[in-house]
Structures are given as C-alpha cells and as structure tokens.
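Quick note: numbers below take in every heavy atom, side chains included, and nothing from hydrogens, waters or symmetry partners.
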Amino acid sequence: MQNPPNTSNRRRNLSVVARAAVAATLLLAACGDDGDEEGSDPTTTTEAVDDGTTTTTERSTEDEGSDGEVDPLGAVTVEVIDAGEEPRRELRVAVEPGTEHPVTTRMRQEISIDVRGQTQETASATEQAVVYVVDSVEDGVISVTTKYQGGRVLDDVAIDPATRRGLEEVLGLFEDAEGSATYDQRGALISLVPPSLEGAPPQIAPALETMIDSMESQAAQMSVPFPEEPVGAGAVWRVSASLDMAGLPFEIVTEVALTEVSDTEVSGTIDQTLTIVPGPVEVQGVAAEVVEGEMAGGGTISWPLDRPVALTTQELDGTVVMRFEDPSGEKIELTQRLYQSIELLAK
C-alpha cells in the first residue's frame with residue numbers, strides 16, 4: 001500500500017517559501033539612508049555630455065561601514081535630460097543645526113502570492129512618525145539623528161487579526177528608538193545607522209528584520225538628489241541607483257520633472273521603476289532564483305529647502321516571479337503581485 005504524502009511537511013515547506021516570498025516583496029517598499037566606513041569618503045565625478053547641458057554624476061560609497069552602518073545605494077547616477085527654463089540655478093538644501101523636522105510615513109500594501117495553483121492574499125496599512133534632528137552641517141554634510149515615535153496600524157484595508165497583532169508588536173519596538181543618517185546638500189543619502197532594537201522576542205525577530213530591511217530600501221528608493229548643474233522649471237533629470245538588500249539585487253530608476261522652483265521649495269512629479277535583477281539569490285536563508293521582477297509607478301515630490309529629506313506621495317505596482325527548490329528537489333514557482341502606496345508627509 002502506498003504511503004500518503006506528508007501533507008504537514010509539504011505545508012511547512014510551502015510556508016517557509018511563502019514567508020521568504022513575502023519578505024522579498026516587502027523589500028520593494030521605500031525610507032532611510034546608506035553608510036560609509038570611517039575614513040572612506042564618497043567620490044563624485046562629473047562628465048559633460050553633448051553640449052554641456054546634460055551631465056552624469058556618479059557617487060560611490062563602501063558597501064558596508066562600521067558601527068552598524070549600511071550602504072544600500074551603491075553607485076548613484078544623476079543625468080540631466082533637460083535643464084529647463086531660465087533662470088536656472090543650482091538646487092541645494094540649507095538646514096540649520098538644532099532644528100527638528102517631523103515626518104510621517106504612511107504605507108499601504110496589498111500582496112497576492114500564487115503558488116501551485118493556490119493564492120494567498122494579504123494587506124496592511126501602517127503609519128510611522130519620525131523626527132529628523134539636525135546635529136551638524138559641516139563641509140556640505142548634514143548629520144541627523146532619527147528619533148522614532150509612535151507607529152500604528154491603520155484601518156485603510158482589511159487586515160486579519162494575526163497580521164495586525166504582529167504589526168502592532170513590531171511597531172511598538174520603534175517607540176523612542178533612535179538611529180542616524182547623513183545627507184549632502186543635494187539631498188543625496190550618504191549613510192544610515194538603523195535604530196537598535198534590543199530585547200525583541202525571538203518569535204518576531206524575522207518580522208523585525210524584514211521591517212528594518214524595508215525601511216532601508218525605502219530610504220534608497222526615496223533618495224532623489226538634485227543634479228550638480230543649474231536647472232530651472234521644466235527641468236527633467238534621471239536618477240539611477242543600484243542596491244543589494246537582504247540578498248536581492250535591485251536597480252531603481254527615477255525620472256523627475258520639475259514643475260515649480262521658488263526660494264523655499266522645489267516640487268515636481270516622478271516616474272519610478274524598481275527592478276530585481278534576474279538570477280540566483282538567497283532570501284531569509286532560502287536559496288532561490290529571481291525569474292523576473294519589476295514594479296512601476298509614480299507620484300509627486302517636493303523638497304522644502306530647509307529640510308534634510310524630500311516629501312513624496314506615490315503609488316507602485318508590479319509582479320515578481322521567483323523559483324525555489326523544496327527539500328525533495330521539486331521546483332516551486334511563486335508569482336507575487338504587489339500594490340503599494342507611500343506617503344512621506346511633513347507633520
């Protein structure tokens with residue numbers, strides 16, 4: 001008589017794969033900074049192209065620094081496509097040491113995972129408050145302390161009770177936590193030290209790690225620096241960045257169209273594409289292969305010139321296809337569909 005399949009093991013294997021898939025999808029989210037090792041300075045080179053109105057600026061930093069610093073951005077390229085109308089000027093932020101800048105991040109996600117003919121859907125909506133305290137401005141580098149305040153689960157979407165409890169527990173750990181970041185005066189992210197969250201219960205450690213990774217990737221996604229050269233209203237520039245987050249190689253391309261320029265604020269629209277580079281990866285200790293993965297969308301962005309970070313509202317959606325191998329050697333293909341909206345608002 002043939003033994004029945006071990007359905008509990010099969011469910012457990014699928015659960016591991018599903019968790020890894022969700023973690024990979026969450027990394028497509030976007031808030032935070034990247035880091036340099038002490039003593040290593042970012043390098044900037046500018047190359048003139050065509051008639052001099054289009055330039056490419058590349059900034060490179062070390063992959064990982066000391067004292068918990070991380071560098072999710074790798075190389076960043078800023079290319080001016082159209083310098084815009086006259087008058088043109090160099091766009092730079094000018095913040096004062098000792099000032100505080102509260103920001104509220106609202107995020108909504110709707111995720112659908114298809115595997116072996118079965119579909120699992122989940123949704124979440126959260127709000128997190130953080131205050132950027134400017135510690136110093138020296139040699140064009142803005143150093144800030146990031147002070148996290150209350151986070152909460154919103155009722156914008158239907159959330160199952162278990163997911164709500166887990167989110168509330170993780171968000172509660174951020175209360176009064178602190179990290180740090182540095183920016184340059186073009187608004188480019190230079191370094192990030194995430195908050196140190198000691199004493200997290202072991203059962204929520206994976207969710208907490210995913211939340212931290214998500215915040216770091218958000219920072220990379222939201223880092224949209226000004227060009228080096230002068231621009232005016234109507235200017236268009238493209239920011240290209242690469243990052244390796246939790247074993248997943250990302251490429252982010254953001255195109256900015258400037259609509260308004262004043263002495264106190266610059267604003268425009270953005271179109272953004274996030275691509276996970278196809279190939280072998282490892283997600284939460286699970287070997288996998290990215291078959292394809294892309295999210296696209298856009299929204300609005302504004303830079304109050306007395307603040308260290310830009311404010312934005314945007315929506316993204318897309319599909320990620322990943323292939324895993326279960327312990328029996330069988331290939332499992334997962335298709336993830338994700339809708340995400342992000343708002344970074346001045347409080």
Side-chain angles (χ1 to χ4, degrees), residues 27-37 40-49 54-65 69-83 90-93 139-144 180-194 213 215-231 235-246 248-258 266 268 270-277 294-296 298 301 303 307-312 314 316 342 344:
L27 292 179
L28 295 174
C31 159
D33 325 15
D34 61 296
D36 297 330
E37 186 173 350
S40 65
D41 297 325
T43 61
T44 302
T45 60
T46 303
E47 176 186 357
V49 182
T54 301
T55 63
T56 300
T57 302
E58 294 188 0
R59 168 184 159 275
S60 299
T61 56
E62 297 296 318
D63 287 338
E64 185 170 350
E69 292 182 356
V70 295
D71 176 19
L73 284 180
V76 178
T77 300
V78 179
E79 178 184 1
V80 175
I81 300 169
D82 186 336
E90 292 182 350
L91 301 178
R92 302 291 186 267
V93 296
D139 299 324
V141 176
I142 303 165
S143 300
V144 304
S180 62
T182 58
Y183 302 86
D184 69 17
Q185 291 182 305
R186 291 169 49 220
L189 186 61
I190 298 174
S191 68
L192 166 72
V193 178
D213 284 341
M215 292 168 61
E216 293 168 359
S217 62
Q218 286 174 26
Q221 183 181 340
M222 296 304 173
S223 181
V224 185
F226 295 132
E228 288 278 1
E229 59 268 44
V231 293
V236 178
W237 70 88
R238 182 181 297 120
V239 180
S240 302
S242 60
L243 66 145
D244 189 355
M245 188 63 63
L248 294 176
F250 283 81
E251 293 179 353
I252 304 175
V253 177
T254 307
E255 191 164 295
V256 182
L258 213 57
V266 176
I270 55 173
D271 290 313
Q272 191 169 70
T273 301
L274 280 72
T275 303
I276 303 180
V277 180
E294 182 175 287
M295 293 183 65
I301 190 167
W303 293 266
R307 283 176 165 263
V309 294
L311 307 173
T312 185
Q314 63 174 277
L316 295 166
I342 302 172
L344 268 66

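Closest of all the heavy-atom pairs between S223 and L189 is OG-N, 3.3 Å. Summarising the geometry of A83 relative to P230, their closest heavy-atom pair is CB-O, 4.3 Å, with the distance given to 0.1 Å. For the pair P227 and V80, the tightest heavy-atom approach, listed with the atom from each and the gap, is CB-CG2, 3.5 Å. Nearest heavy atoms, R92 versus E228: NH2-O, 3.0 Å. Closest heavy-atom contact between T275 and E294: OG1-OE1, 3.7 Å.
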Report task. Kindly determine whether L91 and L258 satisfy side chain to side chain contact (heavy atoms under 4.5 Å, CB included), including the steps that lead there. Result -> CA-CA 11 Å; L91 301 178; L258 213 57; 4.0 Å; yes
Requested in this report: Output, in order, the C-alpha distance, side-chain angles, deciding distance and verdict of side chain to side chain contact (heavy atoms under 4.5 Å, CB included) for E251 and V277.
Outcome: CA-CA 7 Å; E251 293 179 353; V277 180; 3.8 Å; yes
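Here the CZ atom belonging to R307 is positioned 11.5 Å from the OH atom belonging to Y183, to the nearest 0.5 angstrom. One distance of note links OG1 of T273 with CD of E255; it measures 9.5 Å at 0.5 Å rounding. Atom OG1 of T182 and atom CD1 of I142 lie 9.5 Å apart (nearest 0.5 Å).
Under the 4.5 Å side-chain criterion, counting only non-hydrogen atoms from C-beta, P225 is in contact with V239. Residues Q272 and I252 form a side-chain contact, since some pair of their non-hydrogen atoms from C-beta on lies under 4.5 Å apart. Annotation: side chain of V224 is not in contact with side chain of T312 (no heavy-atom distance under 4.5 Å).
Here the options are L344, I301, D271, I270, the test is side chain to side chain contact (heavy atoms under 4.5 Å, CB included), and the partner is Q314; only I270 passes.
Using cut-offs of 30° and 60° for the angle between ring planes, the W237 and F226 rings count as perpendicular.
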